[in-house]
Amino acid sequence: MTARQIAPWIAGAALIAVPFVHRDAYHLHILILILIWAFAYTSWSMMGRFGLVSLGHGGFMGVGAYVTALLWNHLGVSPWLGIPLAMLAAAVLAVIVAYPCFRFRITGHYFVLVTLALSGIVLQVITATRNYTGGSLGYTPDRTRGSQLWALQFDDKAVWYLIALGIWAAGLLVWRWVDRSMDRYALEAISEDEDAAAAAGVNVTWEKLKITVISALMTALAGALYCQYQMFISPDTVSGIAISLQMVFAVIVGGLYVMLGPTVGAIITIMLAEVLRIGFGTKAVGWDNLVYGVLLVVFIIFLPKGILGSILDRLKTRRETRAPAILAGEPKQSTAVRAEVAR
Amino acid sequence: MLEHFDIFLLEAVINGILLGGLLALLALGLNLIFGVIDVTWICYAELVMIGMYGMYFLVQYYGLPYYAAAPLAILIVAVLGALLHLLVIAPLLNAAPINQLLATGGVLFVLQSFATVAFGIDFRNLGIRLPVLQFADMHLSYSRLLAFGVALIGMLLVYLFMTRTFLGTAIRAIAQDRQIMPLMGVDAGRIYLITSALGGALAGLAACLLVLQYDVHPFVGLSFGPITFIICVLGGLGNFVGGFVAAFLFAQIISLGGLYSDLEWGYVLAFAFFIVMMFIRPAGLLARRS
């Protein structure tokens with residue numbers, strides 16, 4: 001085994017060991033939040049990386065959280081059954097909106113705005129049905145006494161850490177699975193040129209629908225997980241346009257096209273919010289978003305591939321320029337010639 | 001009983017029309033930017049919010065009368081629009097459309113949190129109470145009528161500017177063909193800047209009218225921003241007449257939906273209508289089938 005193959009196993013073992021070594025509740029809480037949001041951001045980039053920019057993921061997350069909590073409170077359905085049902089509901093919603101979109105070739109700006117309407121609808125429905133969902137005041141799943149496996153409620157943060165870690169790792173595995181499948185090539189072709197891809201025999205509608213449903217299922221799971229961990233949800237924290245934009249923002253900062261990019265985005269954004277919150281106290285209200293916004297604009301203008309993406313790119317080009325340097329001896333001339341040919 | 005009900009219905013219809021005028025004004029500015037520069041300002045409603053704060057401070061703190069404060073507020077937002085173009089859009093003119101969209105999303109965060117930091121999260125209002133018009137058992141607020149009238153006049157002025165002046169003709173020409181017009185001696189960068197300022201001025205005008213009816217707070221943009229985009233898309237991005245028709249249609253759905261149930265259901269209905277319409281007429285209400 002090479003170092004490249006061993007590294008993920010060592011990193012995984014180290015991550016699993018964290019709660020047994022370091023039991024500080026606050027640090028674990030931050031880590032859990034990072035893992036849950038990293039999973040949500042990874043879910044968004046499943047389709048975002050293929051040019052399918054959705055602002056409807058706030059809606060999927062809201063459905064995941066609220067369906068789970070409502071089933072538990074009103075019908076006493078255990079989250080073990082409630083979460084799959086919530087994911088199913090999000091998937092159905094995704095198909096209802098996305099199928100006609102893809103069938104009628106609604107792309108680019110128009111796709112963004114249709115999905116924006118979707119998160120608007122979910123937010124308004126949650127607010128309008130305030131007799132059941134508590135409206136904008138938020139909603140709390142009924143607590144059991146102590147930790148209960150069937151209610152998916154645990155007092156111990158270490159348990160939550162391990163659950164979040166497992167789900168996050170599963171999200172990365174799904175990414176890898178898509179990355180290595182034929183669908184990836186089909187979707188990349190679609191994002192370059194839909195008509196050309198269709199002419200080459202790619203079933204455009206079906207491929208896009210598949211990745212959208214996978215992404216919606218994962219996002220709903222992230223919402224349900226957030227709900228079970230925080231035990232409090234409100235339309236503003238799990239649904240709506242603000243959450244959708246937050247997902248896009250974190251992914252852009254971290255790096256959209258690389259597997260760990262969304263995770264890096266989650267680490268940066270959550271750490272930034274926490275540092276500002278501790279540094280400024282209650283005066284920090286608004287400051288974190290101000291810094292976010294400026295960073296987002298700066299990143300899109302100067303580093304569209306995100307932090308991790310740009311670092312990996314730089315490493316790659318350095319490796320590539322070093323290799324011909326050994327072979328040809330004159331790297332500068334060869335790149336100049338290449339540029340000339342390209343021109 | 002039936003007569004009574006009809007009065008409510010009529011009132012809702014009229015209020016819908018009045019709301020429609022305001023929404024049409026909002027949509028016009030956004031449509032202008034999209035039609036000419038081919039960029040969607042996600043932060044458009046936040047520019048309106050800043051304009052509303054401008055009005056609030058000019059009137060409440062500096063004691064200016066409403067009619068003196070309004071041109072100043074419009075000017076402030078117009079400058080903001082031009083700055084937005086220079087600082088954010090101009091470097092991204094050749095980037096992917098999605099990147100432009102997301103960059104203005106970042107500006108949305110900046111403006112919203114700037115307002116939170118600078119002005120706090122309190123709801124503020126102008127303190128001007130305009131009378132309510134009573135007409136045959138219907139209550140129509142004077143401020144809505146005023147907003148409707150000014151919005152219509154504003155739209156008419158923009159129409160005349162676009163069709164009757166040299167600059168307006170140049171703007172329309174750039175919108176039609178981005179490659180050829182620079183060869184004809186039109187400075188595209190300057191036209192984009194003027195258009196951005198004009199779009200900002202329209203946002204400022206909308207702010208002056210909205211501040212009469214609604215309280216200002218940093219998140220006020222979120223309550224009508226999404227509706228504005230949806231109206232523009234419904235009418236066809238860049239299609240002025242389509243946006244105008246869509247605004248009135250949308251306002252009627254919200255107003256009538258709100259009559260039969262909660263206001264939120266009016267919005268849900270309107271959003272759902274939008275999604276259905278996207279599948280029937282993806283290129284906008286008035287688009288010709290190709």
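A, B, ... follow the sequence lines: proteins, then strands. Residue 1 opens every chain.
For the residue pair A:Ser215 and A:His57, a side-chain donor N or O sits within less than 3.5 Å of a side-chain acceptor on the partner.
Ranked by heavy-atom pairs shorter than 4.5 Å toward chain A, the options B:Leu102, B:Ile230, B:Ile42 are led by B:Leu102. Chain B forms the most heavy-atom pairs under 4.5 Å with one residue out of A:Ala128, A:Ala242, A:Gly51, A:Cys101, and that residue is A:Ala128. The choice from B:Ile227, B:Thr104, B:Leu87, B:Val268 that makes the most heavy-atom pairs within less than 4.5 Å of chain A is B:Val268.
Within the model, atoms OG of A:Ser45 and OH of A:Tyr257 stand 10.5 Å from one another, a figure rounded to the nearest 0.5 Å.
At a 4.5 Å heavy-atom cutoff, the contact between B:Phe114 and chain A is made by backbone and side-chain atoms alike. Looking at B:Phe219, there are no atoms closer than 4.5 Å to chain A (heavy atoms on both sides), in backbone or side chain. Residue contact with chain B, scored on non-hydrogen atoms closer than 4.5 Å, involves the side chain of A:Leu296 exclusively. Heavy atoms of A:Val294 lying under 4.5 Å from chain B belong to its backbone as well as its side chain. The part of A:Ile106 that comes within reach of chain B is its side chain, from C-beta onward, which places non-hydrogen atoms under 4.5 angstrom from that chain. Contact of A:Leu116 with chain B is made through the side chain alone, with heavy-atom distances under 4.5 Å. For A:Val112, the part lying near chain B is the side chain, with the backbone staying farther off; criterion is any non-hydrogen pair under 4.5 Å. For A:Val53, the part sitting under 4.5 Å from any heavy atom of chain B is the side chain, from C-beta outward, and nothing else. For B:Leu108, the part lying near chain A is the side chain, with the backbone staying farther off; criterion is any non-hydrogen pair under 4.5 Å. Residue A:Leu295: no heavy atom, backbone or side chain, is found under 4.5 Å from chain B.
Here the side chain of A:Ser234 pairs no donor or acceptor atom with the backbone of A:Gly138 at under 3.5 angstrom. Within the 3.5 Å criterion, the main-chain N or O of B:Ala12 finds a donor-acceptor partner in the side chain of B:Ser255. Remark: side-chain polar atoms of A:Ser119 are not paired, donor with acceptor, to backbone N or O of A:Gly59 under 3.5 angstrom.
Each of B:Tyr56, B:Tyr61, B:Phe57 was evaluated against B:Phe119; a single residue qualifies, B:Phe57, per the ring-ring contact (aromatic ring centres under 6.0 Å, His included) test.
Here the side chains of A:Phe249 and A:Val253 are in contact, with some heavy-atom distance below 4.5 Å. Within the 4.5 Å cutoff, the side chain of B:Ser196 has no heavy atoms near those of the B:Ile89 side chain.
The local environment of CD in A:Glu188 is crowded, with over 12 non-hydrogen atoms from other residues, nucleotides or ligands closer than 6.0 Å.
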